[in-house]
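Side chains included, hydrogens not; waters and symmetry mates left out as well; all remaining heavy atoms used.
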Amino acid sequence: MNKIFLPDIEATQQLGITLGETLNAGSVILLEGDLGAGKTTLVQGIGKGLGIIDSIVSPTFTLINEYPEGRIPLYHLDLYRLEPQEVTGLNLESYWEGIEVTPGIVAIEWAERMPYLPDSYLKVCLKYGENGDRQAEIMVCGN
């Protein structure tokens, strides 16, 4: 597990930009952290790193926002309002397996609500620090 100190919003977004510039199609990022910890900010950075110019907003009410115009597509999901049994019905694996969608990066907020996981993924846990800063714990899981 890698721990990265994020002193401000710009650092959180820069981490996302780096991920967007380096990850390949089929990458899944599972995001965990309290409300306001920076999950959407990180995904906004990923979008910038992919060259997406559309405004990236949290899909709390729409559940899934798709951004196909970048280097590769970005699929941004937010499971905050769902129970695990409701998540099962979304067939999320169609996104990371590239079934019926062009393979891209799948970023899932509130991933701890998922009753099943992909074979491999990047887990990013964002935590508040003592002085308004944040810390990202990043772990590569699976294959």
Side-chain angles (χ1 to χ4, degrees), residues 1-6 8-9 11-130 132-143:
M1 174 174 22
N2 292 320
K3 293 185 179 185
I4 300 171
F5 176 71
L6 303 168
D8 52 30
I9 289 174
T12 303
Q13 198 165 63
Q14 185 56 53
L15 173 60
I17 289 169
T18 301
L19 291 171
E21 291 173 341
T22 58
L23 291 175
N24 297 317
S27 297
V28 179
I29 305 166
L30 303 185
L31 298 155
E32 297 181 5
D34 292 332
L35 280 171
K39 296 179 295 295
T40 299
T41 301
L42 185 73
V43 177
Q44 289 168 340
I46 292 169
K48 283 186 178 186
L50 290 170
I52 295 169
I53 55 174
D54 284 349
S55 180
I56 294 177
V57 295
S58 178
T60 301
F61 295 101
T62 58
L63 301 181
I64 302 169
N65 287 338
E66 298 181 359
Y67 304 93
E69 72 278 357
R71 174 177 65 85
I72 54 176
L74 172 63
Y75 304 105
H76 183 195
L77 295 81
D78 187 327
L79 307 179
Y80 180 71
R81 302 178 91 50
L82 301 178
E83 296 297 323
Q85 64 271 19
E86 295 172 302
V87 174
T88 301
L90 294 177
N91 298 315
L92 299 179
E93 65 277 4
S94 65
Y95 282 94
W96 59 73
E97 293 175 0
I99 300 170
E100 298 181 16
V101 297
T102 303
I105 293 176
V106 182
I108 304 174
E109 296 188 35
W110 300 95
E112 61 271 23
R113 297 172 190 247
M114 294 174 62
Y116 56 91
L117 299 171
D119 292 335
S120 62
Y121 56 93
L122 193 65
K123 180 178 179 180
V124 179
C125 185
L126 296 162
K127 298 180 180 183
Y128 287 108
E130 296 176 13
D133 54 3
R134 291 178 176 83
Q135 177 177 306
E137 295 178 356
I138 302 175
M139 186 173 13
V140 177
C141 302
N143 304 338

Q: Quick one: pull up CG in Asp34 and SG in Cys125 and give me the separation to the nearest 0.5 Å.
A: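 Going from CG on Asp34 over to SG on Cys125, the span is 8.5 Å.
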Q: Please identify each residue that fulfils side-chain contact (heavy atoms from CB on, under 4.5 Å) with Leu82, with sequence neighbours left out.
A: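 Only Leu63, Leu79, Glu86, Val87, Leu90 meet the side-chain contact (heavy atoms from CB on, under 4.5 Å) criterion with Leu82.
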Q: Evaluate the criterion side-chain contact (heavy atoms from CB on, under 4.5 Å) for residue pair Ile138 and Leu15; output intermediate values, then yes/no.
A: CA-CA 11 Å; Ile138 302 175; Leu15 173 60; 4.2 Å; yes
Q: Can you name the side chain to side chain donor-acceptor pair (under 3.5 Å) partners of Glu66, sequence neighbours left out?
A: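 Partners of Glu66 under the side chain to side chain donor-acceptor pair (under 3.5 Å) test: Tyr95.
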Q: Please confirm whether the backbone N or O of Ile56 pairs with a side-chain atom of Asn65, one donor and one acceptor, at under 3.5 Å?
A: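 Not at all, since once roles are kept as given, no pair shorter than 3.5 Å links the two residues.
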Q: How far does CG of Leu74 sit from NZ of Lys48, to the nearest 0.5 angstrom?
A: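 Reported value, rounded in 0.5 Å steps: 14.0 Å.
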Q: With a cut-off of 6.0 Å (strictly less than), are more than 12 heavy atoms of other residues, nucleotides or ligands near CD1 of Ile53?
A: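 No, not enclosed.
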Q: Decide yes or no for Ile108 and Trp96: does some side-chain heavy atom of the first lie under 4.5 Å from some side-chain heavy atom of the second?
A: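 Counting from C-beta outward, Ile108 and Trp96 do come under 4.5 Å.
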Q: Any donor-acceptor pair under 3.5 Å linking the side chain of Lys39 with the backbone of Gly33?
A: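 The answer is yes, because a donor-acceptor pair under 3.5 Å joins these two groups.
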Q: Take atom CD1 in Ile4; do more than 12 heavy atoms of anything else shown fall under 6.0 Å from it?
A: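 Yes, enclosed.
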Q: Has Glu100 got more than 12 heavy atoms of other residues, nucleotides or ligands less than 6.0 Å from its CD?
A: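 Count not over threshold, so no.
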Q: Which heavy atom in Arg71 sits nearest to a heavy atom in Leu23, and how many Å separate them?
A: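 Shortest heavy-atom separation between Arg71 and Leu23 comes out as NH2-O, 2.8 Å.
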Q: Any chance you could measure Ile46, atom CD1, to Glu21, atom CD, to the nearest 0.5 Å?
A: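 One finds 11.5 Å between CD1 of Ile46 and CD of Glu21.
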Q: For the residue pair Ile72 and Ala25, what are the closest heavy atoms and their distance?
A: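 So the minimum-distance heavy-atom pair works out to CD1-N, 3.4 Å.
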Q: Determine whether Pro59 and Ile64 make a side-chain contact, defined as any pair of heavy atoms from C-beta on separated by less than 4.5 Å.
A: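 They are not in side-chain contact.
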Q: Would you give the length of the straight line joining atom CG of Asp54 to atom CD of Glu69, rounded to the nearest 0.5 angstrom?
A: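 Interatomic distance, Asp54 CG to Glu69 CD, rounded to 0.5 Å: 4.0 Å.
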Q: So Val106 and Leu77, do their side chains get closer than 4.5 Å, heavy atoms only?
A: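 Counting from C-beta outward, Leu77 and Val106 do come under 4.5 Å.
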Q: What pair of heavy atoms forms the shortest contact from Asp133 to Phe5, and how long is it?
A: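 Smallest heavy-atom distance, with atoms named: OD2-CE1, 2.6 Å.
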Q: Can you spot which of Asn24, Ile29, Val28, Leu122 makes a side-chain contact (heavy atoms from CB on, under 4.5 Å) with Ile105?
A: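 Exactly one candidate clears the test, Ile29.
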Q: For Thr40, what residues pass the side chain to side chain donor-acceptor pair (under 3.5 Å) criterion, not counting sequence neighbours?
A: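 For Thr40, the residues satisfying side chain to side chain donor-acceptor pair (under 3.5 Å) (neighbours in sequence not counted) are Glu109.
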Q: Quick one: closest heavy-atom pair of Arg134 and Gly36, and the distance?
A: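 Minimum heavy-atom contact is NH2-O, 2.7 Å.
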Q: Mind jotting down which residue pairs meet the ring pair (Phe, Tyr, Trp, His ring centres under 6.0 Å) criterion with at least one end in residues 99-119? Sequence neighbours excluded, please.
A: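 Matches after skipping sequence neighbours: Tyr80-Trp110.
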Q: Taking only residues two or more places apart in sequence, or in another chain, which ones meet Ser120 in a side chain to side chain donor-acceptor pair (under 3.5 Å)?
A: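 Once residues adjacent in sequence are excluded, Ser120 has no partner under the side chain to side chain donor-acceptor pair (under 3.5 Å) criterion.
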Q: Search all heavy atoms of Pro84 against all heavy atoms of Pro115 and return the closest pair with its distance.
A: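 Reported closest heavy-atom pair: O-CG, 3.5 Å.
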Q: Mind listing the closest non-hydrogen atom pair of Thr12 and Gly38 along with its distance?
A: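 Here Thr12 and Gly38 meet closest at CG2-O, 3.8 Å.
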Q: Quick check for you: to the nearest 0.5 Å, what is the distance between Leu30 atom CG and Cys141 atom SG?
A: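 Here the rounded value is 7.5 Å.
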Q: With sequence neighbours left out, write down each residue that passes salt bridge (Lys or Arg N to Asp or Glu O under 4.0 Å) with Glu137, or none if nothing qualifies.
A: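 Expected list: Lys3, Lys127.
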